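Note sheet for the following structure.
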Amino acid sequence: DRTMNTTANLHSLCIMENYYSPELVVATSEPNAVVLPKVDYDYDIHSPIQGIYWDETFEADVDPETGLSNVSYASMPIGGRRQSRQWEDTGDSTWAIVSNRGVEEGNTDDADVYESSLTLEIHGSQRQWFGNVCYNDNHVSYESSFRPSNVRYTSGGETHRDNIFRNDLGDPNQTNGTDVYITIVLEMDEEGHSFESSWD
């Protein structure tokens, strides 16, 4: 059921499988008041025989007005071509799959949109984004730009630096692009091709 491929479920499953703890997915410098560690994560609910694989009360909506989130980080949507090409052991050192979240749709053109995002305060000031980016070969790099120097996409025969928080090759709510796109997925459609994101 591809509708289950949300950011909250991704992390909740990993926590249930003891890959990491609920505290680890909330940045220690998290500035958003609606982002809090899941201190009451229910490990006892796990029952594969009943189809229960994670704590479904784990949340990932960082909207400071209406949201509640137990995770600070964004990830590549699990759907479409991105899922089939990169949510596997490719060892691709240029394909980012998880990072500190960015501003809405990687907007660097509108200073008001960019500088009003709480995400800038996680590792820096209210003026410039800094974040840890994990790539598909398992290395992590501390970046200061939405366009890391090693992440590129090709369009019309030309290569461009890729904004990892924007779907540079299509609709921002689609999973079928071939460039890197990291976001927080709130809802995924049944086909795994479109989704709803959360930003702050």
Side-chain angles (χ1 to χ4, degrees), residues 5-8 10-11 13-15 17 19-32 35 37 60 62 69-109 111 113-115 117-155 158-170 172 175 177-185 197-200:
N5 292 353
T6 65
T7 298
L10 165 68
H11 288 290
L13 175 62
C14 289
I15 291 166
E17 295 294 328
Y19 288 115
Y20 44 78
S21 68
E23 294 78 20
L24 193 64
V25 289
V26 175
T28 55
S29 56
E30 177 58 62
N32 189 333
V35 182
V62 297
S69 182
N70 304 122
V71 58
S72 294
Y73 303 96
S75 55
M76 184 178 60
I78 307 173
R81 283 185 282 189
R82 289 186 173 88
Q83 179 181 6
S84 60
R85 290 177 49 160
Q86 294 296 339
W87 273 116
E88 55 188 43
D89 187 18
T90 65
D92 190 339
S93 64
T94 65
W95 196 274
I97 55 169
V98 178
S99 81
N100 290 104
R101 63 186 183 274
V103 306
E104 185 170 356
E105 295 179 16
N107 190 327
T108 56
D109 300 323
V113 171
Y114 181 84
E115 293 178 0
S117 177
L118 290 171
T119 191
L120 299 186
E121 297 178 29
I122 293 176
H123 286 294
S125 69
Q126 197 66 16
R127 298 287 182 263
Q128 182 177 359
W129 179 85
F130 293 91
N132 290 300
V133 180
C134 179
Y135 295 86
N136 217 0
D137 65 346
N138 292 325
H139 89 274
V140 176
S141 180
Y142 188 63
E143 305 287 355
S144 60
S145 169
F146 290 173
R147 296 177 176 85
S149 59
N150 64 317
V151 183
R152 310 230 172 216
Y153 70 92
T154 302
S155 179
E158 296 184 4
T159 301
H160 308 274
R161 284 180 69 166
D162 195 349
N163 183 328
I164 63 174
F165 300 113
R166 177 183 296 155
N167 186 354
D168 290 298
L169 294 173
T175 62
T178 55
D179 63 320
V180 173
Y181 180 38
I182 299 174
T183 187
I184 294 176
V185 176
S197 292
S198 177
W199 310 91
D200 63 1

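Worth saying up front: this structure is predicted, and the values here are computed from it rather than measured.
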Problem - Residues in ring-ring contact (aromatic ring centres under 6.0 Å, His included) contact with Phe165, at least two apart in sequence or another chain - result: Trp129, Phe146

Handout entry: OH on Tyr114 to CG on Asn107, rounded to 0.5 Å
Key = 10.0 Å

Handout entry: Qualifying salt bridge (Lys or Arg N to Asp or Glu O under 4.0 Å) pairs, either residue in residues 121-144, two or more places apart
Key = Glu115-Arg127

Handout entry: Test item: Asp162 and Arg152 side chains (from C-beta on) under 4.5 Å apart, heavy atoms
Key = no

Problem - Test log, rule side-chain contact (heavy atoms from CB on, under 4.5 Å), inputs Ser93 and Asn150 - result: CA-CA 8 Å; Ser93 64; Asn150 64 317; 5.7 Å; no

Fill in the blank from the handout: Closest non-hydrogen atoms of Ser75 and Thr7, given as atom of the first, atom of the second and distance, are OG-OG1, 3.9 Å

Practice task
Taking all non-hydrogen atoms of both residues into account, name the closest pair between Ala96 and Ile182 and its distance.
Solution key: CB-CD1, 3.7 Å

Practice task
Enter the distance from Tyr153:OH to Leu169:CG here, rounded to the nearest 0.5 Å.
Solution key: 6.0 Å

Problem - Ser149 vs Arg161 side-chain heavy atoms within contact, under 4.5 Å - result: yes

Exercise for the section: Assess whether side-chain contact (heavy atoms from CB on, under 4.5 Å) is satisfied between Val35 and Val26, documenting all intermediate values. Expected result: CA-CA 7 Å; Val35 182; Val26 175; 4.2 Å; yes

Per-pair distances, 0.1 Å, donor-acceptor, side chain in residues 98-105, under 3.5 Å, sequence neighbours excluded:
residue : atom : partner : partner atom : Å
Asn100  : OD1  : His123  : NE2          : 3.3
Asn100  : OD1  : Asn132  : N            : 2.7
Arg101  : NE   : Asp200  : OD1          : 3.4
Arg101  : NE   : Asp200  : OD2          : 3.2
Arg101  : NH1  : Glu30   : OE1          : 3.1
Arg101  : NH1  : Ser72   : O            : 2.9
Arg101  : NH2  : Glu30   : OE2          : 2.8
Arg101  : NH2  : Asp200  : OD2          : 2.8

Problem - OG on Ser69 to CD1 on Ile184, rounded to 0.5 Å - result: 5.5 Å

Problem - From Asn136 atom CG to Trp95 atom CH2, the distance as rounded to the nearest 0.5 Å - result: 9.5 Å

Handout entry: Heavy-atom side-chain proximity of Tyr135 to Pro148 below 4.5 angstrom
Key = yes

Exercise for the section: Over all heavy atoms of both residues, which pair between Asp168 and Asn163 is shortest? Give the atoms and the distance, please. Expected result: OD2-N, 3.1 Å

Fill in the blank from the handout: Note: Pro77 and Thr183 closest approach over all heavy atoms is CG-CG2, 3.9 Å

Exercise for the section: Check whether more than 12 heavy atoms from other residues, nucleotides or ligands sit under 6.0 Å from atom OH of Tyr19, and answer yes or no. Expected result: no

Problem - For the student: nearest non-hydrogen atoms of Val185 and Asn5, plus distance - result: CG1-O, 4.0 Å

Practice task
Please test His11 against Tyr73 for side chain to side chain donor-acceptor pair (under 3.5 Å), starting from the C-alpha separation and ending with a verdict.
Solution key: CA-CA 10 Å; His11 288 290; Tyr73 303 96; over 6 Å; no

Handout entry: Side chains of Thr175 and Met76 in contact at under 4.5 Å (non-hydrogen atoms)
Key = no

Problem - Nearest atoms (heavy-atom pairs only) where Pro31 meets Ile122 - result: CD-CG1, 3.4 Å

Practice task
For the residue pair Val25 and Tyr20, establish whether any side-chain heavy-atom pair is separated by less than 4.5 Å.
Solution key: yes

